[in-house]
Each structure stands twice: as structure tokens, then as C-alpha cells.
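Atoms considered below: every heavy atom in the structure, side chains included; atoms not considered: hydrogens, waters and symmetry mates. Residue indices begin at 1 and follow the sequence shown.
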Amino acid sequence: TECEKEPGSLLWIFVMAGNIVRGMGETPIMPLGISYLEDFAKTENSPFYLACLNTATVIGPFLGLLLASFSTQLFVDVGSVGADEITITATDARWVGAWWLGILICALLNLLVGIPFWFFPKSLVKEGETNEPEEPSERSVAPLQENDKNGTEQTMYDFIPFLKALFHNPVYMLFICITVLQFSAFNGMISFLPKYLEQQFGKSASDAIFLIGVYNLPILCVGYFSGGLFMKKFKINIYQAANIAFWISLLEYLLYFTAHWTVCDPSPVAGLTVSYQ
């Protein structure tokens with residue numbers, strides 16, 4: 001019919017490019033941040049600092065979900081369409097919230113937060129030491145630059161063998177597999193749980209996002225923070241930490257397994273679960 005139009009908008013390319021740029025900016029934070037902490041923190045304090053770092057990575061999504069809950073309560077064309085012209089509510093399936101508003105706010109905040117990184121010193125005194133880092137003299141600058149150049153070239157040649165050795169390390173590969181499974185479960189929850197809450201309990205999109213943030217992410221913050229304090233206080237080594245992680249993960253699996261018995265009655269849908277009569 002004349003009302004039907006094929007989708008021809010290319011605006012999704014801008015969203016994809018923005019996500020690529022965002023990923024490029026966010027990716028170095030974890031590996032470089034962890035190395036920064038390991039280099040300049042005491043061995044017994046680094047687990048606590050890493051717990052604070054991981055807690056911050058959970059607080060961010062929690063605040064993001066709250067912001068998304070607020071944004072989806074506003075119509076997508078907020079500012080250009082008057083409130084009296086909107087004839088549907090947030091619980092209507094045709095409602096589209098102002099999803100772009102959170103992206104603009106977070107982009108501005110990321111820009112402001114990134115400014116202090118320019119003022120980080122090149123070297124710090126290791127925690128517990130009092131000696132100031134020595135400034136290289138002019139005579140030592142040239143040899144250091146030459147050594148850095150040679151070291152960079154050697155690193156490029158050693159990268160492939162080093163990567164191959166990592167892939168043959170069973171502990172490292174097991175950790176990668178566990179991480180992939182954990183993030184897959186988390187992303188699945190974030191992707192499908194809001195729609196489940198909308199369909200099963202009649203919640204709006206903003207209410208579903210808010211409930212996910214309130215009931216899930218604060219518990220993760222408590223877990224990260226208490227785990228770091230526990231390792232710092234009792235000086236847990238790597239072997240003990242692996243055992244603790246295994247038993248806690250097993251308990252978590254058993255608790256999640258009980259969700260299979262938590263079944264709600266399906267919502268009545270004409271022509272699907274009930275007849276049209």
C-alpha cells in the first residue's frame with residue numbers, strides 16, 4: 001500500500017560509529033588501570049583497590065539504568081512535540097522513549113571525567129616508600145630513548161609467540177571461558193529481562209529498567225567491595241581465591257537453578273493463549 005515504506009534511514013550507522021568510538025575510549029581503562037594499581041600499590045592493598053575499581057564499574061551501569069528509566073518516561077521527540085499532542089502513555093507498546101537523551105548526557109560526563117587523566121604524573125612513588133621518583137638526566141635521555149625503541153621493536157617480534165603461549169595456557173583459557181559465560185549471562189539479563197517484566201507484570205519500560213537496576217546492581221557492588229576487604233584482611237593468595245570463587249560460583253548456580261520452578265501464568269493473548277470469543 002501507499003502507507004508502507006521500506007526502511008531507508010542510515011542513522012543507525014552514526015549510532016554504531018558512536019559505540020565503536022566509545023568502546024575504543026573505554027577499553028584501556030581496565031587493563032591500564034589495573035596495571036597502574038599493581039605498579040604503585042602494596043601487594044596486600046591491591047585487592048582492595050581492585051575491588052573499588054570493580055565496584056565503580058557496577059555503580060556506573062546502576063546510575064545508567066536510573067538515567068534510562070528517567071529518559072524512557074519522556075517521549076522520543078521531547079522538546080519538539082507538545083505534551084498535549086501525545087495521545088499514548090508509557091505503558092503503550094507504541095511508546096518510544098527519549099533513548100538519545102541518556103547518550104548525550106553520558107557523552108558530556110565522559111568528556112568531563114576524562115580531563116583529569118591529562119594531569120596524571122608519568123611516575124609515582126610506590127605505596128609505602130618515601131623516595132621520590134628520580135628525574136632522568138640529559139645524558140641518560142638518549143640511551144633511554146634508544147632502549148625504548150629497541151624494546152618496542154622486540155615487543156612487536158615477541159607478540160605472536162607470547163599470544164600463542166597464552167592460548168596454550170589452560171588456566172588463562174579457563175578464565176577467558178568463565179568470563180565469556182558470565183558476561184553472556186549478564187548481557188542476556190539486561191537484554192531480555194526488561195521485556196519479560198513488561199509482558200509478564202504489565203510494567204512500563206522505565207519501571208522495568210528501574211527495577212533491574214535497584215534489585216541487581218547494588219548487590220554486585222556489595223559483593224565486589226566485601227570480597228576486596230576479605231582478601232585484604234586475611235591476605236588471601238591466588239590459590240585460596242580460586243577455591244573461594246569456585247564454591248561461591250557453585251552456590252550462585254544452585255540458587256539460579258531454583259528459578260526454573262518460578263513460573264508465572266502466561267498473559268492472555270487473543271488468538272494465541274485464548275480464543276477470540
Side-chain angles (χ1 to χ4, degrees), residues 3-26 29 54-114 182-222 224 256 259 262 264-270 272-273:
C3 295
E4 294 180 355
K5 296 181 180 180
E6 295 184 359
S9 176
L10 297 178
L11 293 178
W12 63 270
I13 297 179
F14 292 95
V15 178
M16 181 183 69
N19 282 323
I20 292 175
V21 174
R22 178 179 63 86
M24 293 170 59
E26 293 179 356
I29 295 297
N54 289 325
T55 303
T57 60
V58 177
I59 294 176
F62 173 69
L63 298 178
L65 288 173
L66 295 182
L67 178 61
S69 176
F70 168 75
S71 300
T72 51
Q73 291 180 357
L74 305 175
F75 193 63
V76 63
D77 293 328
V78 59
S80 60
V81 176
D84 54 342
E85 301 178 17
I86 302 174
T87 59
I88 57 177
T89 61
T91 56
D92 196 299
R94 297 170 295 173
W95 178 271
V96 179
W99 56 270
W100 51 268
L101 183 60
I103 296 178
L104 293 181
I105 295 176
C106 291
L108 178 60
L109 294 177
N110 282 332
L111 179 62
L112 296 177
V113 172
Q182 288 179 339
F183 276 94
S184 297
F186 182 77
N187 290 333
M189 180 193 70
I190 293 297
S191 302
F192 298 106
L193 189 57
K195 182 59 66 176
Y196 175 79
L197 293 177
E198 292 178 36
Q199 297 295 329
Q200 197 70 42
F201 300 100
K203 298 293 183 180
S204 64
S206 59
D207 290 340
I209 295 173
F210 176 78
L211 290 174
I212 291 175
V214 168
Y215 286 113
N216 289 279
L217 298 182
I219 303 300
L220 293 177
C221 293
V222 173
Y224 279 132
Y256 270 113
T262 307
C264 299
D265 296 331
S267 300
V269 179
L272 185 62
T273 59

So for atom CE, which belongs to Met16, do other residues, nucleotides or ligands contribute more than 12 heavy atoms lying within a distance under 6.0 Å?
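Correct, the count exceeds 12.
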For a quick test of reading the model, state the closest non-hydrogen atom pair linking [X] to [Y] and the distance between them.
X	Y	value
Leu74	Trp95	C-CZ2, 3.6 Å
Phe75	Ala98	O-CB, 3.6 Å
Val76	Gly97	CB-O, 3.5 Å
Gly102	Leu67	CA-CD2, 3.8 Å
Trp99	Val15	CH2-CG2, 4.3 Å

Please enumerate all residues that pass ring-ring contact (aromatic ring centres under 6.0 Å, His included) together with Phe70, with sequence neighbours excluded.
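Testing Phe70 for ring-ring contact (aromatic ring centres under 6.0 Å, His included), a comparison that skips the adjacent residues, returns none.
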Any chance you could measure Ile105, atom CD1, to Asn110, atom CG, to the nearest 0.5 Å?
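Interatomic distance, Ile105 CD1 to Asn110 CG, rounded to 0.5 Å: 12.0 Å.
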